[in-house]
Amino acid sequence: MERIEIFRQRFRAENISKNYRGFIHLAFINVWCVAGIVICAVNIHHPTFWQWMVIPFTFLYTNLFEYIGHRFPMHHRYNSLKAVFKRHTLQHHHFFTDENMNCESADDFKIILFPPVLLIFFSVCFVVPVSLLVYYLFSQNAAMFFIATTLTYYLNYEWLHLSYHLPETHFVYKVPGLKTLRNLHHQHHNHKAMDQYNFNITYPVFDIIFGTLKSR
Ligand SMILES: [Zn+2]
Ligand SMILES: [Zn+2]
């Protein structure tokens with residue numbers, strides 16, 4: 001049996017319980033993020049041009065957050081963040097390699113999507129404090145735009161990463177540009193390149209800025 005197959009079977013046996021349902025995991029992420037986005041949208045009133053500009057600034061901030069989080073704690077063993085390194089480098093990168101990028105069933109979503117507890121932690125510990133700061137420094141509209149953009153980004157991250165681990169023949173690949181993004185992530189899953197290239201999972205803005213973009 002191939003090494004990756006042995007790893008997958010062991011990971012599933014040790015980490016995916018019989019009660020796990022990949023589509024419920026995916027639904028939780030969607031409901032949490034969409035609910036947050038809707039709450040923010042109904043609390044935005046007559047936004048000005050500069051309040052709208054919170055969207056592109058927040059996009060850049062979250063893209064940088066994604067880049068740094070992936071390049072450093074997910075690929076380097078820091079004592080306080082060992083669990084992040086284990087889940088990403090030792091598990092995700094061994095479950096999926098550049099030779100086999102495809103999940104086999106919804107059970108495998110467990111090793112692609114972030115755990116629900118992380119979404120709650122991320123919302124409470126990162127989004128809420130920064131949005132309070134934005135609220136006090138600027139306005140309620142700016143804070144609402146900030147929260148809505150981070151939740152949209154998070155949801156987009158999960159959708160994109162999940163689609164990269166679906167077969168290339170899947171209907172989602174009718175979406176223009178998706179194959180190009182998948183190719184970047186596919187190369188990142190090569191063990192020789194994983195700590196050098198393509199750290200943006202979504203859009204490679206900071207890979208371009210920091211010179212770590214590798215496209216075939
Ligand atoms: Zn991946
Ligand atoms: Zn990685």
Side-chain angles (χ1 to χ4, degrees), residues 2-12 14-16 20 22-23 25-26 29-30 62-116 118-119 122 153-170 172-173 175 177-216:
E2 277 184 68
R3 236 164 77 180
I4 186 168
E5 200 43 50
I6 295 169
F7 182 88
R8 285 181 171 203
Q9 286 190 9
R10 208 185 62 220
F11 180 87
R12 289 181 185 122
E14 290 173 0
N15 298 283
I16 304 177
Y20 176 76
F23 284 108
H25 186 172
L26 183 62
I29 294 166
N30 279 273
T62 42
N63 195 270
L64 178 62
F65 190 91
E66 168 192 300
Y67 181 93
I68 290 173
H70 188 191
R71 180 167 182 175
F72 298 104
M74 288 163 105
H75 277 285
H76 293 86
R77 200 189 296 265
Y78 299 108
N79 269 344
S80 54
L81 295 164
K82 264 193 297 207
V84 176
F85 174 80
K86 180 182 172 197
R87 184 179 156 80
H88 187 72
T89 297
L90 303 184
Q91 295 179 334
H92 182 73
H93 271 280
H94 286 81
F95 198 98
F96 300 109
T97 69
D98 58 334
E99 287 176 6
N100 189 352
M101 284 284 283
N102 301 339
C103 64
E104 287 165 25
S105 76
D107 282 354
D108 293 346
F109 291 2
K110 181 94 189 266
I111 189 59
I112 303 170
L113 303 170
F114 286 128
L118 196 84
L119 174 56
F122 168 78
Y153 195 98
Y154 189 95
L155 195 54
N156 184 240
Y157 175 106
E158 294 284 49
W159 282 348
L160 284 177
H161 193 208
L162 182 61
S163 63
Y164 301 158
H165 291 292
L166 295 174
E168 264 187 299
T169 49
H170 196 278
V172 295
Y173 282 99
V175 175
L178 191 55
K179 264 194 184 155
T180 307
L181 294 178
R182 184 193 203 265
N183 283 340
L184 297 178
H185 192 60
H186 191 161
Q187 290 180 69
H188 174 73
H189 268 273
N190 177 331
H191 283 187
K192 291 196 186 106
M194 69 179 177
D195 51 6
Q196 295 177 55
Y197 300 110
N198 299 350
F199 297 106
N200 279 122
I201 308 275
T202 58
Y203 311 101
V205 178
F206 281 91
D207 271 314
I208 294 170
I209 292 171
F210 293 127
T212 51
L213 181 73
K214 189 178 182 216
S215 54
R216 258 191 278 254

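All values below were derived from every heavy atom in this structure, side-chain atoms included, with hydrogens, water molecules and symmetry-related copies excluded. Both counts, for ligands and for their atoms, begin at 1 and track the order of listing.
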From the Zn ion (ligand 1) out to just under 2.8 Å, does an N/O/S atom of His93 turn up? no
The Zn ion (ligand 1) contact by His188, N, O or S atom under 2.8 Å: no
When you measure from the Zn ion (ligand 2) to the N, O or S atoms of His92, does any of those distances fall below 2.8 Å? no
Does any N, O or S atom of His88, backbone or side chain, fall under 2.8 Å from the Zn ion (ligand 2)? yes
Apply the side-chain hydrogen bond (donor to acceptor under 3.5 Å, both in side chains) test between Thr202 and each candidate in Tyr153, Tyr67, Tyr157; give the one that qualifies. Tyr153
May I ask you to decide whether Lys214 forms a salt bridge with Asp207, counting only side-chain N to carboxylate O separations under 4.0 Å? no
Taking the Zn ion (ligand 1) as the vertex, how big is the angle to NE2 in His161 and NE2 in His165, rounded to 10°? 90°
Give a rough value, rounded to 10 degrees, for the angle at the Zn ion (ligand 1) between atoms NE2 of His189 and NE2 of His185. 90°
Within a strict 4.5 Å, meaning less than it, do heavy atoms of the [X] and [Y] side chains meet?
| X | Y | value |
| --- | --- | --- |
| Tyr164 | His186 | no |
| Phe114 | Tyr154 | yes |
| Ile16 | Phe11 | yes |

To the nearest 10 degrees, calculate the angle at the Zn ion (ligand 2) involving NE2 of His70 and NE2 of His75. 100°
Report the relative orientation of the aromatic rings in His92 and His185; use parallel for angles under 30°, tilted for 30 to 60°, perpendicular for over 60°. tilted
